[in-house]
Enquirer: 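Following this message is one structure expressed as structure tokens.
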Amino acid sequence: MKNLIKVQALNIDLATLLLRLIFGGMFVYYGYMKVANYEAFAPMFQDFIGIGAKLSFNLVIFAELVCGFFILIGLLTRFSVIPVFITMIIAFFVAHAGDGFDAKAIAFVYMLLCIVIFILGSGKYSADAVLFGKDSTPSDE
């Protein structure tokens, strides 16, 4: 029975790693594209929450690029997913409020994945595990 638990925990940790790599990698990609084309994207970005279009755009870049990278490597994952979650909430409920579900489906999926990543945390194969000794495997008691 103990062997079964270890195999199951290994699968959860590998699944967490895979989820973080895909999710974080996608956001690093989105953020990098915004930085690389900053002059083209910035004028088109709207002020959805009343703090100014440029500041809003910079916060989106921070959430996607910096927090996406932290999620990718598993560093402070639960804290890092919060700005991404807020960005996806604004994208889904505010930026694409008048659009059909097809236009905002990706924001919805990412919003739900933020919740999953927050629940799972960084897992065994992460920078958090290396730096802080966090281990998400069940104890052998």
Side-chain angles (χ1 to χ4, degrees), residues 2-141:
K2 286 185 179 182
N3 192 20
L4 178 65
I5 293 173
K6 287 183 183 180
V7 171
Q8 183 180 10
L10 176 66
N11 292 336
I12 291 170
D13 287 321
L14 285 176
T16 302
L17 172 65
L18 185 60
L19 178 63
R20 278 192 303 102
L21 291 176
I22 294 168
F23 183 87
M26 290 301 295
F27 276 99
V28 168
Y29 171 76
Y30 294 143
Y32 177 76
M33 294 309 294
K34 285 179 177 69
V35 169
N37 300 301
Y38 189 87
E39 297 302 321
F41 282 126
M44 296 184 306
F45 203 80
Q46 297 177 11
D47 181 18
F48 294 109
I49 57 174
I51 60 171
K54 187 173 181 178
L55 179 58
S56 294
F57 186 58
N58 290 336
L59 288 173
V60 168
I61 290 173
F62 171 77
E64 291 180 356
L65 187 63
V66 176
C67 294
F69 180 73
F70 282 0
I71 293 166
L72 177 76
I73 65 172
L75 181 63
L76 305 172
T77 303
R78 287 191 172 119
F79 290 118
S80 298
V81 82
I82 293 170
V84 177
F85 183 65
I86 292 168
T87 301
M88 292 301 102
I89 286 174
I90 293 169
F92 184 79
F93 289 108
V94 180
H96 295 286
D99 298 341
F101 187 75
D102 288 345
K104 56 186 175 181
I106 193 73
F108 183 72
V109 170
Y110 283 136
M111 189 171 50
L112 295 178
L113 287 176
C114 285
I115 297 167
V116 173
I117 292 171
F118 187 83
I119 291 168
L120 288 173
S122 51
K124 182 178 178 181
Y125 307 112
S126 65
D128 281 346
V130 172
L131 296 173
F132 306 117
K134 293 183 178 179
D135 188 2
S136 65
T137 58
S139 64
D140 291 333
E141 295 176 16

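The residues of the chain are indexed from 1 along the displayed sequence.
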Enquirer: Compare all side-chain heavy atoms of Met33 with those of Tyr30 and state whether any distance is below 4.5 angstrom.
Expert: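 Result no, sub-4.5 Å side-chain heavy-atom pair not found.
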Enquirer: Kindly give the heavy-atom pair with the smallest separation between Ala129 and Gly123, and that separation in Å.
Expert: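 Nearest pair, atom of Ala129 first, then Gly123: CB-O, 4.0 Å.
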Enquirer: In the structure I gave you, are the side-chain heavy atoms of Leu120 and Thr77 within less than 4.5 Å of one another anywhere?
Expert: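 They are not in side-chain contact.
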Enquirer: Using side-chain heavy atoms (C-beta onward) and a distance below 4.5 Å, is Thr87 in contact with Phe62?
Expert: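 No - every pair of side-chain heavy atoms lies 4.5 Å or more apart.
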Enquirer: Determine whether Val116 and Phe23 make a side-chain contact, defined as any pair of heavy atoms from C-beta on separated by less than 4.5 Å.
Expert: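 No, too far: nothing below the 4.5 Å cut-off.
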Enquirer: Aromatic rings Phe45 and Phe57: how do their planes relate, parallel, tilted or perpendicular, breaks at 30° and 60°?
Expert: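 The rings of Phe45 and Phe57 sit tilted, inter-plane angle from 30° to 60°.
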Enquirer: Check whether any side-chain heavy atom of Tyr110 lies under 4.5 Å from a side-chain heavy atom of Phe92, and answer yes or no.
Expert: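 No; the side chains remain at least 4.5 Å from each other.
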Enquirer: Atom CE in Met26, atom CD1 in Ile71: separation rounded to 0.5 Å?
Expert: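 With rounding to 0.5 Å, CE (Met26) is 13.0 Å from CD1 (Ile71).
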Enquirer: Which heavy atom of Leu19 sits nearest to which heavy atom of Leu113, and what is that distance?
Expert: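 So the minimum-distance heavy-atom pair works out to CD1-CD2, 4.0 Å.
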Enquirer: Run the side chain to side chain contact (heavy atoms under 4.5 Å, CB included) test on Leu18 and Tyr125 for me, step by step, so that the C-alpha distance in whole Å, both residues' side-chain angles and the decisive distance to 0.1 Å come before the verdict.
Expert: CA-CA 10 Å; Leu18 185 60; Tyr125 307 112; over 6 Å; no
Enquirer: To the nearest 0.5 Å, what is the distance between CG on Asp13 and OG on Ser122?
Expert: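 So the gap between those two atoms works out to 9.5 Å.
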Enquirer: Val84 and Ala63: which non-hydrogen atoms are nearest, and at how many Å?
Expert: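 Heavy-atom minimum between the residues: CG2-O, 3.3 Å.
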Enquirer: Between CG of Asn58 and CG of Leu65, what distance do you get to the nearest 0.5 Å?
Expert: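 Answer rounded to 0.5 Å: 11.5 Å.
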Enquirer: Between Val28 and Gly68, what is the shortest heavy-atom contact and its length?
Expert: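 Of all heavy-atom pairs spanning Val28 and Gly68, the closest is CG2-C, 3.6 Å.
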Enquirer: Could you give the distance from CE (Met88) to CD (Glu64), rounded to the nearest 0.5 Å?
Expert: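 Here the interatomic distance stands at 5.5 Å.
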Enquirer: Quick one: does Phe101's side chain get under 4.5 Å of Phe108's, heavy atoms only?
Expert: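 Answer yes - side chains close enough.
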Enquirer: With rounding to the nearest 0.5 Å, note down the distance linking CD1 in Ile106 to NE2 in His96.
Expert: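 Rounded to the nearest 0.5 Å, the CD1-NE2 separation comes to 10.5 Å.
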Enquirer: I need the Leu72 CG to Leu17 CG distance, nearest 0.5 Å.
Expert: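 So the gap between those two atoms works out to 9.0 Å.
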Enquirer: Using the test side-chain contact (heavy atoms from CB on, under 4.5 Å), find all partners of Ile90 that sit at least two apart in sequence or belong to another chain.
Expert: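 Only Phe48, Ile49, Ile86, Val94 meet the side-chain contact (heavy atoms from CB on, under 4.5 Å) criterion with Ile90.
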Enquirer: Is it the case that the ring center of Phe79 lies less than 6.0 angstrom away from the ring center of Phe70?
Expert: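 No.
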Enquirer: Tell me the closest heavy-atom pair linking Pro43 and Ala40, and the distance in Å.
Expert: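 Looks like CD-O, 3.6 Å.
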Enquirer: Closest heavy-atom contact between Thr16 and Gly121?
Expert: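 Nearest heavy atoms, Thr16 then Gly121: CG2-O, 3.6 Å.
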